[in-house]
Participant: 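Structure below; questions to follow.
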Amino acid sequence: MPELPEVETTRRGIEPHLQGRRISRVVVRHPMLRWPIPADLPQLLSGQRIEQIERRGKYLLLPFREAGRAQGTLLLHLGMSGSLRIVAAGSAAAKHDHLDIEVDSGQALRLHDPRRFGAALWQPGAAGEHELLADLGPEPLTEAFDGRYLWERARGRSAPVKTFLMDSHIVVGVGNIYANEALFSAGIRPDRAAGRIALARYERLVDEIKRVLARSIKQGGTTLRDFVGGDGKPGYFQQQLLVYGRGGEPCRQCGAVLIDVRIGQRSTVYCPHCQR
DNA sequence: CCCAAGACCTGGCGGC
DNA sequence: TGCCGCCAGGTCTTGG
């Protein structure tokens with residue numbers, strides 16, 4: 001369940017176990033993810049010291065430096081079904097445990113991904129140079145992401161605003177759940193053409209995106225312990241969703257029946273009364 | 001350039 | 001219980 005808050009929660013959960021540790025061994029069990037895990041990844045990583053874990057959109061980044069210079073970066077993406085856990089190095093692997101990165105504490109970072117839409121890639125130098133990251137939009141929780149930016153990017157666009165929002169080249173980290181939720185909170189119909197929404201409404205929308213993401217990250221803190229402990233419960237933010245997964249049920253705001261449609265091949269729920 | 005649809009892959013669920 | 005179709009948190013690629 002990797003939306004941005006989940007990825008950020010994962011980052012916070014694993015970083016304390018890995019920071020300052022030296023990689024002792026890398027085990028690749030199934031290299032065919034979205035792209036193949038590079039065959040030389042074990043050699044590239046072995047002996048490296050992990051300094052920190054960064055996040056860009058839904059990517060987790062482990063940059064490695066040598067004498068202060070960026071030497072290379074491990075890129076991890078969880079796709080639709082990926083998760084990362086801290087486990088004891090060498091512990092029995094389950095089905096779909098594709099990659100272990102063992103460190104000198106006796107622990108290991110384990111990538112589990114049934115659908116294999118995730119990725120583990122190596123980028124020489126800084127991660128930003130990787131073509132998958134080079135053209136990403138701004139982080140949603142920064143000041144660079146504001147109503148005017150979104151409004152400007154939307155000029156002349158006829159695609160539904162929901163599809164527009166979920167395009168990582170426009171803004172990173174807004175997945176299907178939070179696109180639905182933020183549009184509801186902002187009172188905007190998801191099928192409205194992105195280019196036909198006023199600046200003021202985009203300002204409201206940006207506020208709601210930031211609010212819902214921040215709130216979810218905050219609650220991820222609770223999920224976090226389960227995550228690292230290996231329990232991996234479904235996100236507990238789920239209980240607070242206003243529209244996602246609630247098609248046919250009453251709107252929590254006005255009681256109208258929530259509409260369930262598909263936009264851009266993704267399930268979309270909205271309130272026909274509250275959202276215009 | 002923009003947009004919609006297809007593609008990747010496995011597992012869980014409801015219906016028959 | 002078994003089989004079938006549909007659905008799922010992402011996003012790159014393709015074709016118009």
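Each chain gets a letter, A, B and so on, in the order its sequence line appears, and its residues count up from 1.
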Participant: Taking atom P in both C:dC7 and B:dA5, what distance in whole Å separates the two?
Facilitator: 15 Å
Participant: Looking at CE of A:Met166 and CG of A:Asn176, how far apart are the two atoms once the value is rounded to the nearest 0.5 Å?
Facilitator: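 Those atoms lie 4.0 Å apart.
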Participant: When you compare C:dT14 with B:dC9, how far apart are their P atoms, in angstrom units rounded to a whole number?
Facilitator: 15 Å
Participant: Rounded to whole angstrom units, what separation is found between the CE atom of A:Met32 and the C1' atom of B:dA7?
Facilitator: 14 Å
Participant: Check the distance between C:dT11's C1' and A:Asp167's CG and give it to me in whole angstrom.
Facilitator: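 The answer, rounded to whole Å, is 9 Å.
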Participant: Rounded to whole Å, please give me the gap between CG in A:Asp135 and P in B:dC1.
Facilitator: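 The answer, rounded to whole Å, is 10 Å.
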Participant: C:dT11, B:dG11, C:dC12: which one has an atom nearest the side-chain heavy atoms of A:Leu132?
Facilitator: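 Minimum distance to the A:Leu132 side chain belongs to C:dC12.
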Participant: In the single-linkage hydrophobic clustering (I, L, V, M, F, W, Y; side-chain heavy atoms under 4.5 Å), do A:Leu76 and A:Leu61 co-cluster?
Facilitator: no
Participant: Side-chain N or O of A:Lys95 less than 4.0 angstrom from OP1 or OP2 on B:dG11?
Facilitator: yes
Participant: Look at all strands and tell whether A:Tyr59 reaches a base, only sugar-phosphate, or nothing, counting heavy atoms closer than 4.0 Å.
Facilitator: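 The residue A:Tyr59 makes sugar-phosphate contact but no base contact.
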Participant: Does C:dG9 have its OP1 or OP2 closer than 4.0 Å to a side-chain nitrogen or oxygen of A:Ser267?
Facilitator: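 Looking at the OP1 and OP2 atoms of C:dG9, one of them is under 4.0 Å from a side-chain N or O of A:Ser267.
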Participant: Please give, in whole Å, the distance from B:dA4 P to A:Met166 CE?
Facilitator: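 Rounded to whole Å, this separation is 13 Å.
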Participant: Calculate the interatomic distance between A:Phe117 atom CZ and B:dA7 atom P; express it in whole Å.
Facilitator: 12 Å
Participant: Separation of A:Lys162 atom NZ from C:dG10 atom P, in whole Å?
Facilitator: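 The answer, rounded to whole Å, is 9 Å.
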Participant: Let's see if you can work this out: which of C:dT11, B:dG6, B:dG11 has an atom nearest to the side-chain heavy atoms of A:His96?
Facilitator: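 Shortest atom-to-atom distance from the side chain points to B:dG11.
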Participant: Report yes if at least one side-chain N or O of A:Arg157 is closer than 4.0 Å to OP1 or OP2 of B:dA4; otherwise report no.
Facilitator: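 Checking A:Arg157 against B:dA4: no side-chain N or O falls below 4.0 Å of OP1 or OP2.
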Participant: Say you pick atom P in C:dC6 and the same atom in B:dG6; how far apart are they, in whole Å?
Facilitator: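 It works out to 14 Å between them.
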Participant: Fit a plane to each ring of A:Tyr202 and A:Phe164, take the angle between them on a 0 to 90° scale, and name the class: parallel (under 30°), tilted (30 to 60°) or perpendicular (over 60°).
Facilitator: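 Rings of A:Tyr202 and A:Phe164: perpendicular, as their planes differ by over 60°.
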Participant: How do A:Arg115 and A:Gly173 order along DNA chain C: which one's closest nucleotide is nearer the 5' end?
Facilitator: A:Arg115
Participant: Any strand counts, and the cut-off is 3.5 Å on both contacts for Watson-Crick or G-U wobble. Which nucleotide pairs with B:dA5?
Facilitator: C:dT13
Participant: Check the distance between C:dC7's P and A:Met80's CE and give it to me in whole angstrom.
Facilitator: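 About 13 Å, once rounded to whole Å.
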Participant: Look at the side chain of A:Arg116 against the base of B:dT10 and say whether a donor-acceptor pair falls under 3.5 Å; ignore hydrogens and angles.
Facilitator: no
Participant: Is there a side-chain contact between A:Ser158 and the phosphate of B:dC3, meaning an N or O under 4.0 Å from OP1 or OP2?
Facilitator: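 A:Ser158 to B:dC3 OP1/OP2: side-chain N or O found under 4.0 Å.
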Participant: Is there a donor N/O on one and an acceptor N/O on the other, under 3.5 Å, for the side chain of A:Glu3 and the base of C:dG10?
Facilitator: no
Participant: Quick check against the 3.5 Å criterion: does A:Arg21 have a side-chain atom that pairs as donor or acceptor with the backbone of A:Ile50?
Facilitator: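 Such a contact is absent between A:Arg21 side chain and A:Ile50 backbone.
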Participant: In whole angstroms, how far is the P atom of C:dA8 from the CD atom of A:Glu6?
Facilitator: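 In whole Å, C:dA8 P and A:Glu6 CD are 18 Å from each other.
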Participant: Run the salt-bridge test on A:Arg11 and A:Glu54 with the 4.0 Å N-O cut-off and return the result as yes or no.
Facilitator: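 Salt bridge flag = no for A:Glu54 with A:Arg11.
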Participant: Could you work out which one of B:dC3, C:dG10, B:dT10 sits closest to the side chain of A:Arg266?
Facilitator: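 For A:Arg266, the side-chain atoms sit closest to C:dG10.
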Participant: Would you call A:Asp100 and A:Arg25 a salt bridge, taking side-chain N to carboxylate O under 4.0 Å as the test?
Facilitator: no
Participant: For a quick check of understanding: with a heavy-atom distance under 4.0 Å over all strands, which category does A:His169 fall into, base, sugar-phosphate or nothing?
Facilitator: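 A:His169: backbone/sugar contact only, no base atoms under 4.0 Å.
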Participant: Relative to the 5' end of DNA chain B, which residue comes earlier, A:Arg34 or A:Arg155, by the nucleotide with the nearest heavy atom?
Facilitator: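 The 5'-side residue here is A:Arg155.
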Participant: Using a cut-off of 4.0 Å on non-hydrogen atoms, how would the nucleic acid contact of A:Tyr244 be classed: base, sugar-phosphate, or nothing?
Facilitator: sugar-phosphate
